Amino acid sequence: MPSQERFAKGPIALFECMQQIPCNPCVDACSRGAITVKEINDCPSLNEELCNGCGVCMTHCPGLSIFVVDYTYGKDVALLKIPYEFSPLPEAKDVVDALNRHGERVGSAQVIRVQTSPNKTNIIWLSVPRELAMEVRSIRLQKGGHHES
Amino acid sequence: MRIVNHPILTFPQQDMVTFTLNGQKIEGVAGEPIAAALHAADIKVLRHSHERHRPRGLFCAIGNCSSCLMTVDGIPNIRVCIEPLRAGMVVETQEGKGKII
Amino acid sequence: MITTEILVIGAGPAGLMAAIHAAEAGARVLLVERADRLGGQLIKQTHKFFGSKAEFAGERGMDIAEKLINWSSDVSGITIWKNAVVLGIYPDGVVTISHEGAFCTARPKKIIIATGASEKTMAFPNNDLPGIYGAGAVQTLMNVHGVLPAKRILMIGAGNIGVIVAYQLLQAGVEVAGIVEAAPQVGGYRVHAAKLQRHGVPIYTSHSIQLAHGDSCLEGVTISKLDEKWQPIAGSEQYIAVDGLCLAVGLSPLTELLWQAGCEMKFAGELGGYVPLRDANMKTTHENIYVAGDVSGVEEASAAMVEGKLAGLYVASVLGHKKDSFTKEFQTAKSQLAALRSGPASVKICTGLSKVVLEEVG
Ligand SMILES: Cc1cc2nc3c(=O)[nH]c(=O)nc-3n(C[C@H](O)[C@H](O)[C@H](O)COP(=O)(O)OP(=O)(O)OC[C@H]3O[C@@H](n4cnc5c(N)ncnc54)[C@H](O)[C@@H]3O)c2cc1C
Ligand code: SF4
Ligand code: SF4
Ligand code: FES
């Protein structure tokens, strides 16, 4: 987990890939060379100074286990980028249920941007309450859609 | 039911053809396995077993297990999971070993 | 009688790579596939694969299939037959094939068997009710034909296949009631399981299915908790209403042809059942028969591709088609395979392999 000082500097990738499995596409995805997987079965390690939180690695990760958080986004809110492979996609400005790692609703989030990707792992940018940034890992669209204008 | 929106796959609209199941008219995509067309119409019972007349449906979908035998155009024991659908086919739920006419 | 130098049986990732590499080295190859399309298991895999770049990691299984299929059609020297089932391999080296419904025979110099694996099933009362499917059938229906198998499904088995297919069901719009796993922990990769859990899919570890309910079709199942000895705990029964049940309880190598040809077989539970003894070049105890992929031990597409490449390169070289780069390519492939198998996730595979890979066969 990056330090408070690093979080204060801006967006950074979070890796929830804690089991040794034969995998390394995240390494090739990062043009800044911020990710290292020494032997293919090792877990990835991140050079926090090189990572700028661009999120490119997120679309390539087969485990969908990389997230990006930016605590500098707002005073009470953080920006959270999550990978999303469901249809339909939410739209910018939608308010959605924010789910934790167990699929439980822990609050709501606002969609800031939907970044579609040619490989269909899309990235959803969410504004979430700061204290929920380390909890929220997925979303559920609210029935009938919900726009906040 | 057919999948309309899928996050990864696209299923292009295809031409539908008509066939019958036990006399009832059903639509399916030409060339898809008969079993897929039946499932799309929510029909899961394909035959009744020989000895205990138990209902049977699709199990492997690749022609391995013989769970899906039906009578097609009068010929019994057709594995409908791999038999392509054609317009006008006469498909019947098979009872036991099927009748050879 | 058809003549060819190398007959490759099965066009999954292993068979495709074997055919491509043998033909690139200059051999004439006949590749036969019983299905009406090439790609084996890969065409049903909508998720991105693990592995490294050399095995196309990070790409979706179905896209890897397309790459391999295009590659195989670009290489001259490969004849491809679809709807062609190999029925038998006889001691005199004659192979019988049913191609587009017509019977024919072939006498190849060498054979590479890459027939993959078939799904195991499971015994419980009413396991024959319509609505109960093997995981492969569910994938074929929804990912190949675009038809939903059910509205609400319970998955049995939390190995990689179970967790991956459950995720694919969610993506197709099916409600997943949960995953039932007899072991006390999830067997599949944790990142795959996490994808489901964050959408609220419960995983019932130390649970098993007791029976299925329904008159003409499945209507529900009873599951119960298991004690440390894997016995159901009385009173822990729980009814779950579902119209679909998906069994992902393992694969076993599709070895009929190997038995028939008289290859020496050995039981290795870690690899899914009986597999052929072979050497590091994928040669069985039969002089002219080689294997690659899941038929030689249920593993992963990444390993299947590399094994196919090894077998293809080696068999071509035995027949006198040796590329200048042979030694380098062959060694690279071997180290690639060793790297894939070096982690804790492969301990079981390696135990199995240690029983069946010999210094020298025959
Ligand atoms: C749900 C699921 C998810 C998976 N996820 C991954 C993953 O993320 N990463 C990964 O690396 N692997 C994954 N795998 C495993 C991978 O798909 C298999 O290991 C791989 O396909 C094995 O390749 P193969 O060529 O040996 O066999 P197959 O792909 O099974 O191909 C064998 C082919 O042989 C044909 N055949 C069989 N018998 C005959 C005959 N008598 N005559 C002619 N043809 C015949 C079959 O029709 C088939 O096309 C997954 C598998 C499943 C089921
Ligand atoms: S977020 Fe961007 S910079 Fe950071 S590791 Fe991923 S690809 Fe590299
Ligand atoms: S690509 Fe994803 S799953 Fe693979 S090693 Fe990197 S973070 Fe882990
Ligand atoms: S469902 Fe198994 S043969 Fe058709």
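Everything numeric in this text was worked out from a predicted model, so none of it was measured. Throughout, protein chains are lettered first and strands after them, A, B, ... in sequence-line order, and every chain is numbered starting at 1.
In this structure, the separation between OH on Tyr133(C) and SG on Cys65(B) is 12.0 Å, given to the nearest 0.5 Å. Here CZ of Phe59(B) is found 10.5 Å from CG of Asp128(C). Values are rounded to the nearest 0.5 Å. Taken from CD in Gln168(C) to NE2 in His6(B), the straight-line distance is 7.5 Å, to the nearest 0.5 Å. Here Cys60(B) contributes atom SG and Leu247(C) contributes atom CG; the two are 12.5 Å apart, rounded to the nearest 0.5 Å. With rounding to the nearest 0.5 angstrom, the CZ atom of Arg34(C) is 5.0 Å from the CD1 atom of Ile62(B). Atom CD1 of Ile3(B) is separated from atom CE of Met142(C) by 7.0 Å, given to the nearest 0.5 angstrom.
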**Message:** Would Arg2(B) and Leu148(C) count as a side-chain contact (heavy atoms from CB on, under 4.5 Å) here? Give the steps.
**Reply:** CA-CA 6 Å; Arg2(B) 290 189 192 271; Leu148(C) 293 177; over 6 Å; no

**Request:** Run the numbers on Asp243(C) and Lys44(B) for side-chain contact (heavy atoms from CB on, under 4.5 Å), then give the verdict.
**Result:** CA-CA 10 Å; Asp243(C) 63 341; Lys44(B) 292 185 186 169; 3.9 Å; yes

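Both the backbone and the side chain of Asn143(C) have a heavy atom closer than 4.5 Å to some heavy atom of chain B. Interface remark: Ala135(C) contributes no atoms to any contact with chain B (heavy atom separation under 4.5 Å). Residue Val174(C) does not touch chain B at all, counting heavy-atom pairs closer than 4.5 Å. Both the backbone and the side chain of Leu58(B) come within contact range of chain C, with heavy atoms under 4.5 Å apart. If you measure heavy-atom distances from Ser216(C) to chain B, the contacts under 4.5 Å come from both the backbone and the side chain. Proximity to chain B (any heavy atom under 4.5 Å) is shown, for Thr46(C), by both the backbone and the side chain. For Met62(C), the part lying near chain B is the side chain, with the backbone staying farther off; criterion is any non-hydrogen pair under 4.5 Å. Looking at Leu218(C), there are no atoms closer than 4.5 Å to chain B (heavy atoms on both sides), in backbone or side chain. Heavy-atom distances place the side chain of Arg54(B), and not its backbone, under 4.5 Å from chain C.
Under a 4.0 Å N-O distance rule, the pair Lys151(C)/Asp42(B) qualifies as a salt bridge.
Taking the side chain as every heavy atom from C-beta outward, Leu46(B) and Pro130(C) never approach each other to under 4.5 Å. Using a 4.5 Å heavy-atom threshold, the side chains of Ile8(B) and Arg60(C) count as touching.
Residues His39(B) and Pro149(C) share a closest heavy-atom pair of CD2-O, 4.2 Å. The heavy-atom pair separating Leu141(C) from Ala36(B) by the smallest distance is CD2-CA, 4.0 Å. For the pair Ser118(C) and Asn64(B), the tightest heavy-atom approach, listed with the atom from each and the gap, is CB-ND2, 4.2 Å.
Highest contact tally toward chain B, considering only Cys217(C), Gly131(C), Gly134(C), Ala150(C), is held by Gly134(C) [criterion: heavy-atom pairs under 4.5 Å].
For Asn70(C), the CG atom sits in a packed shell: over 12 heavy atoms of surrounding residues, nucleotides or ligands are nearer than 6.0 Å. At most 12 non-hydrogen atoms from other residues, nucleotides or ligands lie less than 6.0 angstrom from CD of Gln13(B).
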